[in-house]
Number of protein chains: 2
Amino acid sequence: MVDYPTLLQRFTELLRNQNLKFTRQREAILRTLHETDDHLSPEEIHRLVARQNPDLNVGIATVYRTLALLESAGLADSISFGKDGKKYEIGLKKHHDHLVCTECGTIIEFTDDVIEARQEAIAQAHNFRMTDHTMKIVGLCADCQPKA
Amino acid sequence: MVDYPTLLQRFTELLRNQNLKFTRQREAILRTLHETDDHLSPEEIHRLVARQNPDLNVGIATVYRTLALLESAGLADSISFGKDGKKYEIGLKKHHDHLVCTECGTIIEFTDDVIEARQEAIAQAHNFRMTDHTMKIVGLCADCQPKA
DNA sequence: CTTGATGCAAAATATTTGCATGCTC
DNA sequence: GAGCATGCAAATATTTTGCATCAAG
């Protein structure tokens, strides 16, 4: 996991480069994403930020706007699972993929060098300039499998 | 690609098993998905079905209901990326993954045995019973890359 | 005939946008 | 002070649902 100071620095640089402003709302959203270190929907993020910053009165629109900003800058990633809509997590983690349990919704992250390398090779073979990739394995986690 | 008679047979079996009815609307949607052999949003599917079946007057709600039915039965798969929302394609293809161009939206399908095998191994390592998996590589396709 | 399916429109969600005001820089 | 950001509410967009009617089995 990236440490917060580093993340914050990347964020302020990004803002400066684009002549955007560093606001308490934006920082609160970034911090919440970092602290939670989990996959959150925009509404969940909004609720958490509002709870942790009762004085700010953050609007849902700002959450959407900030998430879009963070995502386009690579500081946040989104992933969507079926009906549950789009969820965000902090970016700058080591690249990883996901195992998703269809029963309980648990998300497990993993990394696999063989797959990483293979993805790069495939992108090249198709003349793609890869900017990102995601892999998702869905199934039943150990706890949710019917006992043999 | 699966041939249509086979697909249709699977569909009728599915309907029979669940005491559901075989309607012209449902068939029209299945056929459109099969003929197009591409990734379509619910609205696109609705438009195509309506155009090809002017006599049916298919409602968007029926498209959503049918897509959900097809997806849960494995006869259709959905994939979502970025702002463009969820898109559907016919199921029963050989398993494949996707390369998505973020610029023009082009979707290229590919298969890779190394990755397939690896996914299986990873699921086992986490005690997951894998029911499905998807991989998506996003980037810029050959046409959309800035010319060196 | 019986029961599920459909179309329509309304409802429920989700996301985006316009605008007056407030805050960074 | 200038200009971007915010909150709010309205506008859109996307899906789902209730219900009377229709049609498959």
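Everything quoted here is computed from the prediction, not taken from an experiment. Just so you know, these numbers use all the heavy atoms, side chains as well, and skip hydrogens, waters and symmetry mates.
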Peer 1: Can you figure out which of dG7(D), dT6(C), dC8(C) approaches the side chain of Asn57(A) most closely?
Peer 2: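 Shortest atom-to-atom distance from the side chain points to dG7(D).
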
Peer 1: Please tell me if Arg26(B) has a side-chain N or O lying less than 4.0 Å from either OP1 or OP2 of dT6(C).
Peer 2: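 Affirmative; the distance criterion is met.
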
Peer 1: When rounded to the nearest 0.5 angstrom, what is the spacing between CZ in Arg47(B) and CD1 in Ile60(B)?
Peer 2: 9.5 Å

Peer 1: Go through dA5(C), dG7(D), dC8(C) for me and flag the one nearest to the Gln25(A) side chain.
Peer 2: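 So the nucleotide nearest the side chain must be dG7(D).
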
Peer 1: Under 4.0 Å: is that the gap between some side-chain N or O of Thr23(A) and OP1 or OP2 of dT6(D)?
Peer 2: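 Checking dT6(D) against Thr23(A), a side-chain N or O does come within under 4.0 Å of OP1 or OP2.
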
Peer 1: Look at Thr62(B) and dA5(C) and indicate whether a side-chain polar atom (N or O) is within less than 4.0 Å of OP1 or OP2.
Peer 2: no

Peer 1: Between the base of dG4(C) and the side chain of Arg65(B), is there any donor-acceptor pair under 3.5 Å?
Peer 2: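 Per atom types, no contact qualifies.
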
Peer 1: Where the side chain of Lys21(B) is concerned, which of dG7(C), dC4(D), dA24(D) is the nearest nucleotide?
Peer 2: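 Per side-chain heavy atoms of Lys21(B), the pick is dA24(D).
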
Peer 1: Does dT16(C) have OP1 or OP2 sitting under 4.0 Å from an N or O in the side chain of Tyr64(A)?
Peer 2: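 No, outside the criterion.
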
Peer 1: Leu15(A) or Glu43(B): which one's nearest nucleotide on DNA chain D is closer to the 5' end?
Peer 2: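 By nearest-heavy-atom nucleotide position, the 5'-most residue is Leu15(A).
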
Peer 1: Under the side chain to side chain donor-acceptor pair (under 3.5 Å) criterion, do Glu120(B) and His133(B) qualify, and how do the steps go?
Peer 2: CA-CA 9 Å; Glu120(B) 186 59 58; His133(B) 53 257; over 6 Å; no

Peer 1: Using a 4.0 Å heavy-atom cut-off, does Leu56(A) contact any base of the nucleic acid, only the sugar-phosphate backbone, or nothing at all?
Peer 2: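 Touches sugar-phosphate only.
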
Peer 1: If I take atom CD in residue Glu71(A) and atom P in nucleotide dT16(C), what distance separates them, rounded to the nearest angstrom?
Peer 2: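 For the pair Glu71(A) CD and dT16(C) P, the rounded distance is 11 Å.
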
Peer 1: Does Gln25(B) form a side chain to side chain donor-acceptor pair (under 3.5 Å) with Thr66(B)? I'd like the steps, not just the answer.
Peer 2: CA-CA 9 Å; Gln25(B) 288 76 342; Thr66(B) 302; over 6 Å; no

Peer 1: Roughly, in whole Å, what's the span from CG in Leu70(B) to P in dA5(C)?
Peer 2: 13 Å

Peer 1: Closest nucleotide of DNA chain C for Pro42(A) versus for Leu20(A): which of these residues is on the 5' side?
Peer 2: Pro42(A)

Peer 1: When you get a sec, tell me which of dC8(D), dC25(C), dG7(C) is the closest nucleotide to the side chain of Ala61(A)?
Peer 2: dC8(D)

Peer 1: Provide the closest heavy-atom pair for Glu71(B) versus Ser78(B) in the form atom of the first, atom of the second, distance.
Peer 2: OE2-OG, 2.7 Å

